[in-house]
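Each chain gets a letter, A, B and so on, in the order the sequences are listed, and its residues count up from 1.
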Amino acid sequence: MKGAWLLFRKEILQAVRDRRTVFMTVAFPLVFYPLLFGLIGGFVQRQKEELSSLAPRLVVVSEGADELVRALEEAPGFSVLSVGDLERGQGAMDEGLGEVLLLARREPARGELGYAVTLYYDAADQRAQAGAAKVKAFLADYLQGLARERLVAMGVDPEELTPPFTLEEVDVGGEEALARMLLSQLLPYFLVLSILTGAMGLGAEITAGEKERGTLATLLSSRLSRREIVLGKFMAVLAVSLVTAVLSAAGLLLGIQSFGVGLGGLPVGSVAWVLALLVPLAMTLSALVIIVGSFARTQKEASAYLLPVTMLVVVLGISTTFGGGELGGAKLAVPIAGPMAAIKQALMGGLTLGEVGWALLSSLGVAGLLLWAAVRFFHSEKVLFRI
Amino acid sequence: MKAVSARGLTKVFRGRRGQVRAVDGVSFTVEQGEIFGLLGPNGAGKTTTLRMLATLISPTEGTAEVMGYDILSAPQKVRARIGFLTTETGLYERLTPWETLLFFGRIFGYGPGEVEARAEATLRVLGLEGLKHRRVGTLSAGERQKLSLGRCLIHDPPVLILDEPTASLDVFVARTVTELIRRLRAEGHTILLSTHDLHLAERLCDRLGIIHRGRLVAVGSPEELGEEVGGVDFEEVFFRTLRRAGLSPMGANPVPGRAGEA
Ligand SMILES: Nc1ncnc2c1ncn2[C@@H]1O[C@H](COP(=O)(O)OP(=O)(O)OP(=O)(O)O)[C@@H](O)[C@H]1O
Ligand SMILES: [Mg+2]
C-alpha cells in the first residue's frame, strides 16, 4: 500500500498547483461564505431593528367612534390620519400614506360600549403586519381598561373577579439559541455541498481526466496495483474535500458572527462532533465521486454524471433541514442523510456516542463498497479503454 | 531467452455494432538487444498488440512472454520489466521533469538517495538537465517526448515498448529521439516499437513485423523483406508484401492482386 501513499502525494502536489482547486477549497469558503452570510446577517438585523422602531401609520375612518379614535391618537407609537369615509381611506392607503386602514364603527344597538373594528392591511407586507399586531394589542388593552372601569362603576373590585393567575414569559435561550438553531439547520447542508464541490473538481480530474489525457495508461503499466491506484486517489479526494468542509464551516461561523450574535457559547464538544462527523460524510461522497469518475470517459462526462448526485444531495439537505421526520438512533446509519442529521443534533445538543458510531460505521461500509466497485472498474478494460 | 515472444495473440472487441478482430493470431519473437518494429497503417492493430504486451488489456486468445514472464499469469513481473510509452505523452502538466521522474522512480521501489541519483542520470541521458524545474506544461512537444521516454527508463527496464515514438514530432526532434533509441539499444535495452512511418522503420529497426488488419503478414529485417518480394525502395517492398499476402492496404479485405497504388 506504499504505492497508494506515493500516488496520494503526487495528486496533492498537483492539486495545490491547480488554481481552480485552490480557489474552490480555500478562497471560496473563506471569502465568499463570510461575505454572503455577513450580508444576509446585516440585512436581517437591519430589518428587525426597523420593524421594532416603526411607529405604524394608521388611516382611520370613524363612524361615531370618536372616543376610540382619540384614545388611539393619544397612545404613543401610532401616527393617526383620520379620513371621512372608507373610500377616502382606501385612497389614502393607495397613496401609501399608511400601513393599516382601520374602520371603527360605534354600534349602540349592541350596548353602551358596542364597537365593530375592521383592519385592512397587506398581510404579505412585514411592516403592515407588524403595525396590525400593534393595533390589535392596543385594542385589547383598551377594551380591558373599559371593562375594569365598568366593573368599578358597578361597585365590583376587578381583582376579586379575576382568579389569581399570572402568566409570565421568559426567553431563556435568547439570541444565542436562535443563532444555534439557524446554524444547526444551515451547517449540515452547507458542509455537504462544500464537501461535494471540493471532491467533484479534483475527483473528476484525477480519474476521468487522467483517462482522457492518456496518463492513466502510464499508471496502469507501472508497478502500482489497481487497488493502490484507487486508494491513493480516494485519499487525495477525501483530504481535499475535508479541507474544503472545515474551511467552509469556518467561513460560515465567521459570517454568522455578523448576525450580531457571538457564538462563544457554542460548546467545544459540539464543534468536535461536527468535525468528527465530517469524516463519514466526506468518505461516502468522495467514494461516490471516485466511482463516477472511474466510469466516465471524460472529465466533462464525469461532471455531467455528478450533477444529479449533487441535486440528490441538495434534496437530502433540504429534507433534513426542514423535514419533520427526525433521524435518530440507528436511523443515523442512512448514508449522507444520517451524518447530516447527526451534525444538526450535535449543534442542538443531545447526540450520543452510539449514534455517531452508527453514522461512522455505515459510511465506512458504504465507502468501502463503492471503492471496491471502483477497483472492479479499474480491472475492466471495457471501462478503462472505452473510446 | 527471448525478450518478447507472442504466440497467437488475438483481441476481439465486442461493441454494440458487432465484433472487431483488432488483432488476429499474431506470433513473433523479439531478440534481446534488438529494435523490433511493428509496421502497419492506421487501425492495423499495433496499439492493441502493444497494450496486450504491456498487460493493460488481456488477449481474447493466445498469450505472450516478456523476459520469460507470462503476461497473463505474471502481469506484475512483466510490468516491472517494461517501460511503456503511449501515443499520448502521458505526463502530468503541473509537475516538473524532476518531480515526474522522482514519482515514477519511487513507484518502482527506489528508495531515497537512490531515486534522486536515477533521476539525475536519466535527465543527463536525455539532455534535459536545464529544464529540471520547469513545469511540464511549458515544455515543447520534443522535450515532452524525451521526458516521456525518461519516465519509461527510470526503473531501467530491459524492454521498452514504444507506441509511435516519433509521431507528431518534427524531423529534427524525431531525429534526436531515434538517436536516443539507438543509444538505448547500445546500452543493452530491447526495444519494441510501432510505427506507420516506412522510412523510420527501414532506417531504425533491426527487424520488422508488417501488420495489417490485425494479421502479421511478414517478419524479417528490412533487407530480408526486400529480397523476398523485390522492389526499388522500401515503400514498394511494403505494398508488395501486403499484396502477396492477399491484402489490400486500402479497401475491403482481402482483394488479391488489386489496389496498393496509393
Ligand atoms: N477499445 C476498443 N473498442 C473497440 N474497438 C477498438 C478498441 N481499441 C481499438 N479498437 C479497434 O481495433 C482496431 C485496431 O486498433 P489499434 O488502435 O490497435 O490500431 P493501430 O494500428 O494502433 O492504429 P493507429 O495507427 O491509428 O494508432 C481498430 O479498428 C480500432 O477501431
Ligand atoms: Mg495506435
Side-chain angles (χ1 to χ4, degrees), chain A residues 1-23 201-202 205-229 231-233 236 240 297-299 376-387, chain B residues 11 13-16 20 22 47-48 50-60 66 71 75-96 99-100 102-111 115 135-137 148 151-152 154-155 157 159-161 163:
Chain A
M1 284 295 118
K2 189 172 161 263
W5 171 243
L6 290 171
L7 187 59
F8 168 78
R9 277 176 36 190
K10 183 220 86 174
E11 302 297 3
I12 293 295
L13 179 63
Q14 278 182 293
V16 168
R17 289 191 183 156
D18 179 27
R19 271 192 203 171
R20 193 195 52 190
T21 308
V22 170
F23 177 79
L202 184 72
E205 185 183 329
I206 68 178
T207 51
E210 276 219 27
K211 237 191 255 185
E212 193 177 356
R213 283 189 294 278
T215 48
L216 192 61
T218 315
L219 281 186
L220 293 173
S221 64
S222 78
R223 278 236 310 242
L224 290 177
S225 74
R226 308 311 205 232
R227 220 183 313 157
E228 284 174 316
I229 294 176
L231 199 68
K233 288 181 179 295
V240 167
R297 264 172 270 210
T298 63
Q299 216 169 317
R376 304 291 320 156
F377 279 168
F378 269 82
H379 274 290
S380 156
E381 41 189 77
K382 269 216 187 69
V383 174
L384 286 178
F385 294 100
R386 290 189 307 161
I387 303 166
Chain B
K11 185 69 186 180
F13 290 110
R14 289 187 180 81
R16 246 169 270 125
V20 182
T47 299
T48 307
L50 297 187
R51 277 182 178 165
M52 285 192 279
L53 293 172
T55 76
L56 290 183
I57 60 180
S58 43
T60 314
V66 176
I71 55 168
Q76 288 282 6
K77 289 244 171 25
V78 171
R79 276 179 223 149
R81 282 161 184 78
I82 59 165
F84 181 46
L85 180 77
T86 56
T87 21
E88 307 97 347
T89 46
L91 295 173
Y92 299 109
E93 306 270 306
R94 289 195 290 275
L95 299 187
T96 64
E99 289 159 349
T100 305
L102 288 189
F103 170 63
F104 283 102
R106 286 185 186 124
I107 280 185
F108 280 102
Y110 287 101
V115 71
R135 294 274 170 91
V136 170
S148 294
R151 194 259 301 149
C152 300
I154 188 77
H155 56 300
V159 179
L160 291 171
I161 300 179
D163 196 1

Inter-residue atom distance A:Leu216.CG - B:Glu88.CD, 0.5 Å rounding | 10.5 Å
Shortest non-hydrogen separation from B:Thr86 to A:Ala217 and the atoms involved | CG2-CB, 3.6 Å
Under 4.5 Å from a heavy atom of chain A, the part of B:Leu91 involved | backbone
List for me each residue that meets side-chain contact (heavy atoms from CB on, under 4.5 Å) alongside A:Ser222, sequence neighbours excluded, and say none if there are none.
-> A:Leu224, B:Ile107, B:Phe108
Chain B contacts, top residue of A:Gly214, A:Ser380, A:Gly3 (heavy-atom pairs, under 4.5 Å) = A:Gly214
Pick from B:Gln76, B:Arg79, B:Glu99 with the largest number of heavy-atom pairs that fall under 4.5 Å of chain A = B:Arg79
Residue B:Arg151 versus chain A: region with a heavy atom under 4.5 Å = side chain
CG (A:Leu384) and CZ (B:Arg51) are apart, to the nearest 0.5 Å, by 9.5 Å
Compile the donor-acceptor pairs under 3.5 Å between side chains in residues 9-16 of chain A and protein atoms, sequence neighbours left out, one pair per line.
| from | atom 1 | to | atom 2 | distance (Å) |
| --- | --- | --- | --- | --- |
| A:Lys10 | NZ | A:Gln14 | OE1 | 3.2 |
| A:Lys10 | NZ | A:Glu210 | OE2 | 3.1 |
| A:Lys10 | NZ | B:Tyr92 | OH | 3.2 |
| A:Glu11 | OE2 | A:Lys233 | NZ | 2.5 |

Identify the heavy atoms of A:Lys2 and B:Arg106 that sit nearest to each other, and give their distance.
-> NZ-O, 4.3 Å
Check A:Ser221 against B:Ala54 and note the closest heavy-atom contact, atom names and distance.
-> CB-O, 4.2 Å
With only heavy atoms counted, which part of A:Leu7 is less than 4.5 Å from chain B, the side chain, the backbone, both or neither?
-> both
For chain A, find which of B:Glu93, B:Arg14, B:Arg135 contributes the most heavy-atom pairs closer than 4.5 angstrom.
-> B:Arg135
Taking everything shown except A:Arg213 itself, do over 12 heavy atoms lie less than 6.0 Å from its CZ?
-> yes
Side chain / backbone / both / neither for B:Ser58 at chain A, heavy atoms under 4.5 Å = both
Identify the heavy atoms of A:Leu6 and B:Phe103 that sit nearest to each other, and give their distance.
-> O-CE1, 3.8 Å
If one checks every heavy atom of A:Ser225 against chain B at 4.5 Å, the contacting part turns out to be both
Under 4.5 Å from a heavy atom of chain B, the part of A:Arg17 involved | both
